[in-house]
Amino acid sequence: MNLRYRRLKGTRDILLGEVEKLRWCEERWCEVLSRYGYGEIRTPVIEPTDLFLRSVGKGTDIVDKEMYTFETKGGESLTLRPEMTASVVRAYLENGLTRQPGTMKFYYIAPMFRHDRPQAGRYRQFHQVGVEALGSDSPVLDAEVIQTAMALFEAVGAKGVMVQVNSIGCPECRPAFLEDLKVFLKDNLDVIPESMQGRIDINPLRLYDAKDDGVNQLLATFKPITESLCQGCRDHHEVVLRTLESLGVPFVNDPALVRGLDYYCRTTFEITARSGRKQSSLAGGGRYDYLVEQCGGPATAAIGFSIGVERTLLHLDDKPFDAQRSPQSPVDVYVACADAAAQEYALVQTDALRAMCRVEIDTTGRSMKAQAKSANLRQAKIMLVVGEQEMQTGVIQFKNFANGEQKQVAGESLPAAVQEVMEG
RNA sequence: GUGGCUGUAGCUCAGUCGGCAGAGCCCCUGGUUGUGGUCCAGGUGGUCGUGGGUUCGAAUCCCAUCAGCCACCCCA
């Protein structure tokens with residue numbers, strides 16, 4: 001068909017079968033998250049551009065080339081959120097939650113927007129399920145947060161997921177490491193592809209992200225960041241690893257793991273799935289003890305993560321749902337109508353049924369055969385037939401699909417008759 | 001931003017050497033003058049992604065272009 005309108009690149013329509021699978025996952029995730037003490041938060045999808053510039057950070061791909069940014073008529077620069085952490089911190093401050101006692105724990109399942117080139121498990125509008133816990137600097141919380149992420153995968157039956165953990169230090173110990181790293185990288189420029197050389201001064205840690213073999217081998221010869229940590233970070237990291245071990249969370253300590261966002265400190269982690277192709281990185285997160293303060297609030301330690309919903313679903317291919325099932329919703333009672341007058345009569349006569357079950361009135365004017373076929377497709381338990389004769393007598397044809405029996409039921413007795421079948 | 005693959009009916013796809021545009025499913029109608037899940041018969045539905053070129057003749061060959069998918073990059 002020559003379509004006049006098409007969906008935008010990297011966006012998609014989610015039809016009934018997949019919606020049900022999504023909701024199945026979401027219900028489990030909400031349940032798990034509430035058991036870990038999280039409450040849902042919903043924030044606007046648009047925010048001031050500056051919120052992301054300053055939190056996620058210039059020099060990151062997200063800010064430099066992936067944000068949906070536009071200007072309003074008033075000249076204000078707005079951005080469709082590319083991630084959730086900055087919004088949650090903003091909301092935390094804006095709603096005066098800094099004075100709440102204890103740790104504030106938020107979760108979200110929400111759409112994000114990034115102008116990437118789409119591919120399997122990667123969209124321009126995609127969903128993340130994630131958490132943000134603000135108000136505690138305890139390494140025990142780090143371990144609990146990582147365990148929470150793993151629990152979310154387990155809840156939907158994701159197999160073969162593994163955590164990589166690292167510590168990238170704090171403003172006290174990281175600068176010295178970064179200086180050493182820069183010097184080291186510049187001494188070995190010939191090994192580093194030109195496309196990556198620009199990062200050395202802006203964000204040298206990101207070289208660890210490179211999948212270039214030469215760079216990887218080069219960095220493997222450099223001292224791991226975990227050996228450059230200050231005592232505080234070192235102790236913190238040790239407790240995180242120890243607690244994860246006690247919890248039985250499967251993890252590997254990976255000093256080459258960094259995160260692409262600027263605000264992280266100390267604990268960072270990533271969760272990957274073992275699978276041939278597809279997007280193997282399913283989730284990422286870490287500590288951000290300085291972000292709240294940087295956003296104008298009181299010094300507040302915090303940690304969070306987010307999971308890519310689409311790629312997690314992709315990884316769940318032994319799913320309990322049939323993606324090919326009918327895109328039409330199931331009903332309990334299907335009302336076949338002979339003509340327009342019968343439709344009008346039927347709508348009024350069956351109105352009371354909607355208090356107890358799902359009712360579809362066929363207003364297509366097709367043949368009775370076609371209408372009955374649809375009743376079957378919609379998995380109806382009962383079909384009512386309304387035509388001229390029924391309108392005159394006030395008695396409606398009532399067919400029970402389960403046993404094929406058909407009887408006549410007066411309009412006022414319909415609710416009782418339907419209820420009997422529904423309960424049987 | 002770079003590379004690979006694919007575009008034919010609503011869906012899944014055939015289409016040989018360049019020679020009438022096809023199948024299955026879906027949908028509609030009828031068999032059953034008002035009744036499903038089985039069956040039978042018939043029917044609707046096409047800018048062969050788009051534009052150009054070669055040719056007596058192009059879905060098929062050539063060029064361009066657009067779209068989709070996949071991979072790199074990066075990320076979730």
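The sequence lines fix the lettering, A, B, ..., with proteins before strands; numbering per chain opens at 1.
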Worksheet entry | A/Ser367 side-chain proximity, nearest of B/rC74, B/rG30, B/rU35 | B/rG30
Worksheet item: Expressed in whole Å, how much space separates the C1' atoms belonging to B/rG43 and B/rC61?
Response: 37 Å
Item to complete: Name the nucleic acid region contacted by A/Ala375, choosing base, sugar-phosphate or nothing; use a 4.0 angstrom heavy-atom cut-off, strictly under.
Response: nothing
Discussion item. Regarding A/Lys9, tell me which of base, sugar-phosphate or nothing describes its non-hydrogen contacts under 4.0 Å with the strands shown.
Written reply: sugar-phosphate
Worksheet entry | Plane angle bin for A/Phe177 and A/Phe222 - parallel if under 30°, tilted between 30 and 60°, otherwise perpendicular | tilted
Discussion item. Check this for me: does the side-chain of A/Arg12 come within 3.5 Å of the base of B/rC69 through a donor and an acceptor?
Written reply: no
Fill in: Distance in angstrom units between A/His315 NE2 and B/rC75 P, rounded
21 Å
Fill in: Nucleotide nearest A/Ser281 (side chain, heavy atoms from C-beta), chosen from B/rC70, B/rU29, B/rC75
B/rC75
Discussion item. In whole Å, measure the gap between the C1' atoms of B/rC66 and B/rC48 for me.
Written reply: 16 Å
Discussion item. Both distances below 3.5 Å, Watson-Crick or wobble geometry, any strand: find the nucleotide opposite B/rC72.
Written reply: B/rG1
Worksheet item: Can you tell me how far C1' of B/rU35 sits from CD1 of A/Ile396, to the nearest Å?
Response: 15 Å
Worksheet item: Tell me: CG of A/Leu152 to C1' of B/rA76, nearest whole Å?
Response: 14 Å
Worksheet, complete the sentence: Whole-Å distance, A/Leu314 CG to B/rC75 P, equals 20 Å
Worksheet entry | Selected nucleotide, minimal atom distance to A/Asn376 side chain, candidates B/rG37, B/rC74, B/rC28 | B/rG37
Worksheet item: Is the base of B/rU35 touched by the side chain of A/Gln371 through a donor-acceptor pair closer than 3.5 angstrom?
Response: no
Worksheet item: How far does the C1' atom of B/rG52 sit from the matching atom of B/rA58, given to the nearest Å?
Response: 13 Å
Item to complete: Could you say whether A/Val386 or A/Arg366 is positioned toward the 5' end of RNA chain B, judged by the nucleotide with the nearest heavy atom to each?
Response: A/Arg366
Worksheet item: Would the number of heavy atoms belonging to other residues, nucleotides or ligands and lying under 6.0 Å from CZ of A/Arg23 be above 12?
Response: no
Practice prompt. Using whole Å, report how far CD1 of A/Ile109 lies from P of B/rA76.
Written response: 18 Å
Fill in: Any strand: nucleotide that pairs with B/rU65 via Watson-Crick or wobble, under 3.5 Å
B/rG49
Discussion item. Which nucleotide wins on minimum distance to the side chain of A/Arg114, given the candidates B/rC75, B/rC27, B/rC74?
Written reply: B/rC75
Worksheet item: Between atom OH in A/Tyr263 and atom C1' in B/rC75, what is the gap in whole Å?
Response: 12 Å
Discussion item. Heavy atoms only, 4.0 Å cut-off, all strands: where does A/Glu83 land among base, sugar-phosphate and nothing?
Written reply: nothing
Practice prompt. Please report, rounded to the nearest Å, how far the C1' atom of B/rC75 is from the CG atom of A/Asp64.
Written response: 14 Å
Worksheet entry | Complement of B/rC13, any strand, by Watson-Crick or G-U distances under 3.5 angstrom | B/rG22
Item to complete: Determine the contact category for A/Gly404: base if any of its heavy atoms lies under 4.0 Å from a base atom, sugar-phosphate if only primed atoms, P, OP1 or OP2 are that close, otherwise nothing.
Response: base
Item to complete: Determine the contact category for A/Ala380: base if any of its heavy atoms lies under 4.0 Å from a base atom, sugar-phosphate if only primed atoms, P, OP1 or OP2 are that close, otherwise nothing.
Response: nothing
Worksheet item: Can you check whether A/Lys369 has a side-chain N or O nearer than 4.0 Å to OP1 or OP2 of B/rC28?
Response: no
Worksheet item: What distance, rounded to whole Å, do you find between the two C1' atoms, one in B/rG53 and one in B/rC13?
Response: 30 Å
Worksheet item: Say you pick atom C1' in B/rC73 and the same atom in B/rG4; how far apart are they, in whole Å?
Response: 15 Å
Worksheet item: Around atom CD of A/Glu388, are there more than 12 heavy atoms of other residues, nucleotides or ligands at under 6.0 Å?
Response: no
Item to complete: Write down the distance separating the P atoms in B/rU55 and B/rA67, rounded off to the nearest Å.
Response: 31 Å
Practice prompt. Measure from CD1 on A/Ile271 to P on B/rC75 and round the result to the nearest Å.
Written response: 17 Å
Worksheet item: Do NZ/NE/NH1/NH2 and the carboxylate oxygens of A/Glu94 and A/Arg90 come within less than 4.0 Å?
Response: yes
Practice prompt. Just call it for A/Arg6: base, sugar-phosphate, or nothing, with non-hydrogen atoms closer than 4.0 Å on any strand.
Written response: sugar-phosphate
Worksheet item: Does A/Phe401 lie flat on the base of B/rG36, that is, centres under 5.5 Å apart and planes under 30° off?
Response: no
Practice prompt. Look at A/Arg287 together with A/Asp289 and state whether they make a salt bridge at an N to O cut-off of under 4.0 Å.
Written response: yes
Item to complete: Using the P atom as the reference point in each nucleotide, state the distance between B/rG37 and B/rG51 in Å, no decimals.
Response: 43 Å
Fill in: Minimum heavy-atom distance between A/Tyr288 and A/Ala133, given as atom pair plus value
OH-N, 4.4 Å
Worksheet item: Would you say the side chain of A/Arg117 and the base of B/rU2 hold a donor-acceptor pair, judged only by whether the two atoms sit under 3.5 Å apart?
Response: yes
Practice prompt. Look at all strands and tell whether A/Tyr123 reaches a base, only sugar-phosphate, or nothing, counting heavy atoms closer than 4.0 Å.
Written response: base
Discussion item. I'd like the P distance from B/rC56 over to B/rA64, given in whole Å.
Written reply: 24 Å
Discussion item. Under 4.0 Å from OP1 or OP2 of B/rA71: is there any side-chain N or O of A/Gln119 that close?
Written reply: yes
Worksheet item: OP1 or OP2 of B/rC75 less than 4.0 angstrom from a side-chain nitrogen or oxygen of A/Arg122, does that happen here?
Response: no
Worksheet item: Taking 4.0 angstrom as the limit, do A/Lys407 and A/Glu405 come out as a salt bridge?
Response: no
Item to complete: List the steps, then state whether side chain to side chain donor-acceptor pair (under 3.5 Å) holds for A/Glu293 with A/Thr300.
Response: CA-CA 7 Å; A/Glu293 190 171 11; A/Thr300 306; over 6 Å; no
Discussion item. Quick check: on RNA chain B, is the nucleotide nearest A/Ser374 upstream (toward 5') of the one nearest A/Met383, or the reverse? Name the residue that is more 5'.
Written reply: A/Ser374
Worksheet item: Looking across every strand, which nucleic acid part, if any, lies under 4.0 Å from A/Glu270 by heavy atom: base, sugar-phosphate, or nothing?
Response: nothing
